[in-house]
S.K.: 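What follows is a structure written as structure tokens; I'll ask about it next.
All figures in this text were calculated on a predicted structure; none of them were measured in a lab. Chain naming here is simple, since letters A, B, ... match the order of the sequence lines and numbering starts at 1 in each. Hydrogens, waters and symmetry mates play no part in the numbers below; they use all other heavy atoms, side chains included.
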Protein chains: 2
Amino acid sequence: MNDLSNHERAIELLQELGLKEYEAKAFVALTRLPQGTAKEISEISEVPRTRVYDAVRVLETKGLVEIQHASPQRFRAVSIDEAAETLRREYEERADSLRTTLREVEPAIPTEETEVTHEVWALSGASGITSRTQQLVDESDREVILVIGDESAYTPELRERLRAAEDRGVSVVIGITEESLRERVERDLPDAKVFVSGLEWLSSSVETGDETVIGRLLLVDRNTILVSSFHEAVGDGHDHEQAVFGRGFDNGLVAIVRRLMSTGLLSNVDP
Amino acid sequence: MNDLSNHERAIELLQELGLKEYEAKAFVALTRLPQGTAKEISEISEVPRTRVYDAVRVLETKGLVEIQHASPQRFRAVSIDEAAETLRREYEERADSLRTTLREVEPAIPTEETEVTHEVWALSGASGITSRTQQLVDESDREVILVIGDESAYTPELRERLRAAEDRGVSVVIGITEESLRERVERDLPDAKVFVSGLEWLSSSVETGDETVIGRLLLVDRNTILVSSFHEAVGDGHDHEQAVFGRGFDNGLVAIVRRLMSTGLLSNVDP
DNA sequence: TCTTATTGTGATTATCCGAGTGAACGGCTG
DNA sequence: CAGCCGTTCACTCGGATAATCACAATAAGA
């Protein structure tokens, strides 16, 4: 059963990597055989025999399969590593093209300049959130307060940005929910104030029974905040991080967090 | 005109990277603006206003766009590098998963063992051909004859494999059509016989007027051959390399090349 | 050599997904 | 209060792809 899922999983992955259903199925079938005829492939892959030919021909042009022209034709998959590498490189090249192409599209003149005193943005995906976090730290002027709810958020890059901020004279305050991280952070950032207590309200929200876990919480210059959370999605529950960040002293969201911080948290470090 | 193509090219690339048309168009529109409303996006991207919302929401979950919840909503694209990196990593992960997943699918028992005295396989794509070339060189036992018609085929990896073959006592003969490569090869492989003449029949096939150019030609142990060619496809003519390789002394293809080699080529080096 | 099973190609139909369009809801503004 | 804008939702249409079929080409066997 679990191994049956392996086939299916592989087929899904191949489709996500751009192959059609028949192509994916045929390829997986071929990886299970040293070589195979259309009939054999059809039998173990459930691809209609008459369609195997088309599928395999496409696979051949993609460099994933070799064809022996004989009667009957025989097909053979390239090695797993070679296939993975071929597909990976294909997308790598596309991503590079995209990068250079996008740089060349000329900007459109904004119809109108909207001044933004306060704003709240939503974003998702750990990587985007990480990058925005670092960016905000870089922008910091006087103070950075960062609560790390999930260890994965504390990356080496972030550490460097925090150090740089300290060097600029920015006051850095780090809150931690797991004692295990404390040592590392204190060693990394000797000038920073690090605390663990006062964060009970972060992790446990038993009363409401919600499954949301705070990943990071950043307050920059009492002016800009970023909050991220892991939402335990139903069923396929795993790591999708979502965040909002807000700017502007008068921003409602920022105000709330500022208050929250000053009562529960700042009392510990900024009397 | 050229810059118009830039938008279109970028949209195409994004679609190849898995985005839907509307998503791709909306994203490109957003990269042209510091930020934008649904209306603005619709105007410069030709995406129906009412569908901008769906598209952008998907982009947000992919970490490519940030959303400002206000009225009207405002959207902002992440930086070009961040977007490219995000997409690249997504596929990198898929390729890795594929690798490990494929390793775990159990082989199917071949219905029947077919003995293969001679076989001819077709394959395409420079990378696959390169790898098969190296593999054949690695298998060589006594003799390797390699004609390099296109400089790109002579990779550092190939050089190493050829060296290794020499060290095994294999006789290595290299044919070159471009004088420019000669020095490099002679320096790289002091023990190999390198020649340039006698290959006129390779490059020019004027009489038939065909556009095919030979990329590489490999003969291993007088037993296995590989021939690759660049087929100048109509219109979008560029570099798609196609190859066949054949095994078995009695293989017709191998026999032909063997004769060809002994008349036109081997007379120079193997009297 | 004729028969028959198997292999391969092409055409045809069915199904699904995404593009495109418009109705409807709610809030905001004049 | 009425009209406008922003937003969501439901629906149609078309193209791509999955699935089936009919038939030609080839090989195997009697």
S.K.: Nearest-nucleotide wise, let me know which of R51(B) and K25(A) is further upstream toward the 5' end of DNA chain D.
M.R.: R51(B)
S.K.: Output one line per pair: protein atom, nucleotide atom from nucleotides 4-8 of chain C, and distance, for all N/O pairs under 3.5 Å.
M.R.:
from	atom 1	to	atom 2	distance (Å)
dG8(C)	OP1	Q73(A)	N	2.4
dG8(C)	OP2	Y53(A)	OH	2.7
dG8(C)	O5'	Y53(A)	OH	3.4
dG8(C)	N7	R49(A)	NH1	3.1
dG8(C)	N7	R49(A)	NH2	3.4

S.K.: When the distance from NZ of K20(A) to P of dC17(C) is rounded to whole Å, what number comes out?
M.R.: 13 Å
S.K.: Whole Å only: how far is the CD atom of Q68(B) from the P atom of dT7(D)?
M.R.: 11 Å
S.K.: L19(B) CG to dG18(C) C1': how many Å, rounded?
M.R.: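 Computing the L19(B):CG to dG18(C):C1' distance gives 14 Å.
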S.K.: In whole angstrom, what separates I41(B)'s CD1 from dT7(D)'s P?
M.R.: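 Between P of dT7(D) and CD1 of I41(B): 10 Å.
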S.K.: Write down the atom of R74(A), the atom of W121(B), and the distance for their closest heavy-atom approach.
M.R.: O-CZ3, 3.5 Å
S.K.: May I have the step-by-step check of side-chain hydrogen bond (donor to acceptor under 3.5 Å, both in side chains) for T130(A) and R216(A), ending in yes or no?
M.R.: CA-CA 10 Å; T130(A) 298; R216(A) 9 193 166 191; 3.1 Å; yes
S.K.: How many Å lie between CD on E46(A) and C1' on dT20(D), as a whole number?
M.R.: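 Roughly 16 Å, once rounded to whole Å.
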S.K.: Should R132(B) and E66(A) count as an ion pair when the cut-off is N to O under 4.0 Å?
M.R.: yes
S.K.: Whole Å only: how far is the CG atom of D54(B) from the P atom of dG6(D)?
M.R.: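 The answer, rounded to whole Å, is 17 Å.
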S.K.: Decide salt bridge (charged side-chain N to carboxylate O under 4.0 Å, His left out) for R51(A) and D54(A); before the verdict, give the C-alpha distance in whole Å, the side-chain angles of both, and the deciding distance to 0.1 Å.
M.R.: CA-CA 6 Å; R51(A) 300 285 95 216; D54(A) 312 65; 3.0 Å; yes
S.K.: Considering non-hydrogen atoms only, spot the tightest contact between E16(B) and Y91(A) and give its length.
M.R.: O-CE2, 3.5 Å
S.K.: Using every non-hydrogen atom in the two residues, find where L123(B) and G128(B) come nearest and quote the distance to one decimal.
M.R.: CD1-O, 3.9 Å
